[in-house]
2 protein chains.
Amino acid sequence: MRDLTRAEEEVMQVLWKLKKGFVKEILEHFDEPKPAYNTVSTIVRILQDKGFVDHKAYGRTHEYFPVVSKSEYSKSHLSTFVNDYFSNSFEKMVSFFAKEKSISVKEMEEIMKIMEGEVKKQKNK
Amino acid sequence: MRDLTRAEEEVMQVLWKLKKGFVKEILEHFDEPKPAYNTVSTIVRILQDKGFVDHKAYGRTHEYFPVVSKSEYSKSHLSTFVNDYFSNSFEKMVSFFAKEKSISVKEMEEIMKIMEGEVKKQKNK
DNA sequence: AATATACAACGAATAAATTAGTTATGCAAC
DNA sequence: GTTGCATAACTAATTTATTCGTTGTATATT
C-alpha cells in the first residue's frame, strides 16, 4: 500500500472520522486556516485514483467514503516502520518504547493483561 | 522534528548503518540501480541543512555522520503516528497489533517479561 | 609544470505534491 | 426561461523533492 502524503493524510483523517462526507463537510472539519474548497476536492479525487476512497453520486454531488480503513492503513504503515527501524521485530519496537518510558506503568500493565489473554487464546488452538 | 522524505530516509538508513561515511561510501551501500554520485551528494547536503547530519572536513573531502540517531528519529516518528492513529495511547496501538496477530506468541512472552522488569524498576523509585 | 583524478559546490532539469483559479453543468428561485 | 448558486471537473500556478550534468579546485601522478 502506498503511503499517504501529508495533505492526503489530513483528508483521510477527516473521512475516517466522518465515515462519509461531501467535500463541503470535509472542509468544515479542517482547522483554520481552512484550505480552499477546490483544494480538498482535488485531494479527494487523487485519493480516489489511488484507491483510498470511493464515492456515491447523488446527481452531480458526490459523497465520498473511505475504502481503506484507518486500521488497515495504520497496520500497513506500522509494518513498514517496524521493518525499517526495528528489523521487522515488534518485540524490539515495543521493548524500546517501554525502556524509553514512552509507555506508562499503567499502560504496560494493561498491555500485559491483554497479551496474556491473547497468548492463552492462541495456544488453545 | 521534521519528517524525512523517501530519498532522505534511504540515505539516513545507510548513514545509521555505517555510523559515518563519505558520499562515495554511502553510494556503495545503495542497491542497484544506484543513483548518481551527485544525487547522494545533494541529498546529504540537504540533510545537513535540516540538521540530520553534520560533517568533518578532511581538506576538501567531507565525511558525513548522523546527528539525529535512528532511535531519536524513530521515537519522534512513532510518537506522531501513535498520536494520529491511536489517540496517543501506546496501549491502544500495542493491543491492536497483538489482536491482529502481528505479534507472535513468542514475541508477546518476551515483551511481557521486559515489561514486568520495567514496571518493577519504575515502582521501586 | 602539465595532466589526470576525485570530489564538493552549484545549478539546471524533471517529477511529484500542493494549492487554488476557471469553467461547465445542473438545480432552484423568481 | 433567465438569473444566481453550488459543486464537480479541469487546468494552471506554485512549491517541494529528486536527479544529475557541469564546473572549479585540490591533490596525486608523471
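Below, each value reflects all heavy atoms present in this structure, side chains not excepted, and no hydrogens, waters or symmetry copies. Every chain is numbered from 1, with letters handed out A, B, ... down the list of sequences. Not measured: the values here are computed from a predicted model.
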Nearest-Å distance for atom pair [atom1]/[atom2], residues [X] and [N]:
{"X": "E28(A)", "N": "dA6(D)", "atom1": "CD", "atom2": "P", "answer": "13 Å"}
{"X": "I43(B)", "N": "dA17(D)", "atom1": "CD1", "atom2": "C1'", "answer": "9 Å"}
{"X": "Y37(A)", "N": "dC5(D)", "atom1": "OH", "atom2": "P", "answer": "16 Å"}
{"X": "F52(B)", "N": "dA17(D)", "atom1": "CZ", "atom2": "P", "answer": "12 Å"}

Quiz prompt | Residues that, via side-chain heavy atoms closer than 4.5 angstrom, fall in one hydrophobic cluster with I46(A) | solution = none
Quiz item: Apart from I114(A) itself, what residues make up its hydrophobic cluster when side-chain heavy atoms of I, L, V, M, F, W and Y under 4.5 Å apart count as a link, directly or indirectly?
Solution: none
Quiz item: Can you list the residues that meet the side chain to side chain contact (heavy atoms under 4.5 Å, CB included) rule with H62(B), with sequence neighbours excluded?
Solution: H55(B), A57(B), Y64(B)
Side-chain polar contacts of residues 7-20 of chain A - donor-acceptor pairs under 3.5 angstrom, sequence neighbours left out - could you list them?
residue	atom	partner	partner atom	Å
E8(A)	OE1	T5(A)	N	2.9
E8(A)	OE1	T5(A)	OG1	3.4
E8(A)	OE1	K50(A)	NZ	3.1
E8(A)	OE2	K50(A)	NZ	2.8
E9(A)	OE2	Y85(B)	OH	2.8
E10(A)	OE2	R6(A)	NH1	2.7
Q13(A)	OE1	K70(A)	NZ	3.4
Q13(A)	NE2	D84(B)	O	3.3
W16(A)	NE1	V68(A)	O	2.9

Quiz item: In residues 5-13 of chain B, which ones come under 4.0 Å of DNA chain D, going by heavy atoms?
Solution: T5(B), R6(B), A7(B)
Practice problem: Please check if the distance between the ring centroids of F81(B) and F81(A) is under 6.0 Å. | Solution: no
Quiz item: Pairs in or reaching into residues 105-125 of chain B: which pass ring-ring contact (aromatic ring centres under 6.0 Å, His included), with residues at least two apart or in two chains?
Solution: none
Exercise. Could you note down all residue pairs passing ring-ring contact (aromatic ring centres under 6.0 Å, His included) where residues 106-125 of chain B supplies at least one of them, sequence neighbours left out?
Key: none
Quiz prompt | DNA chain C-proximal residues of residues 16-24 of chain B, any heavy atom under 4.0 Å | solution = V23(B), K24(B)
Practice problem: Assign T39(B) to base, sugar-phosphate, or nothing according to its heavy-atom contacts below 4.0 angstrom with the strands shown. | Solution: base
Self-check item: Qualifying residues under salt bridge (charged side-chain N to carboxylate O under 4.0 Å, His left out), relative to K121(B), sequence neighbours excluded
Solution: E118(B)
Exercise. Quick one: list whatever passes salt bridge (charged side-chain N to carboxylate O under 4.0 Å, His left out) with E25(B), sequence neighbours left out.
Key: none
Self-check item: Outermost nucleotides of DNA chain C that come under 4.0 Å of a non-hydrogen atom of chain B
Solution: dC7(C) to dG11(C)
Quiz item: Quick one: on DNA chain C, does A36(A) or G59(A) contact a more 5' nucleotide (nearest heavy atom)?
Solution: A36(A)
Flag, side chain of [X] to backbone of [Y], donor-acceptor distance under 3.5 Å:
{"X": "E109(B)", "Y": "K106(B)", "result": "no"}
{"X": "E107(A)", "Y": "F90(B)", "result": "yes"}
{"X": "S41(A)", "Y": "Y37(A)", "result": "no"}

Self-check item: Worked verdict on E72(A) versus K75(A) for salt bridge (Lys or Arg N to Asp or Glu O under 4.0 Å)
Solution: CA-CA 5 Å; E72(A) 283 175 278; K75(A) 204 172 155 185; over 6 Å; no
Below 3.5 Å is the cut-off: list the nitrogen or oxygen pairs between protein and nucleotides 9-12 of chain D, distance only.
residue	atom	partner	partner atom	Å
dA9(D)	N6	N38(A)	OD1	3.3

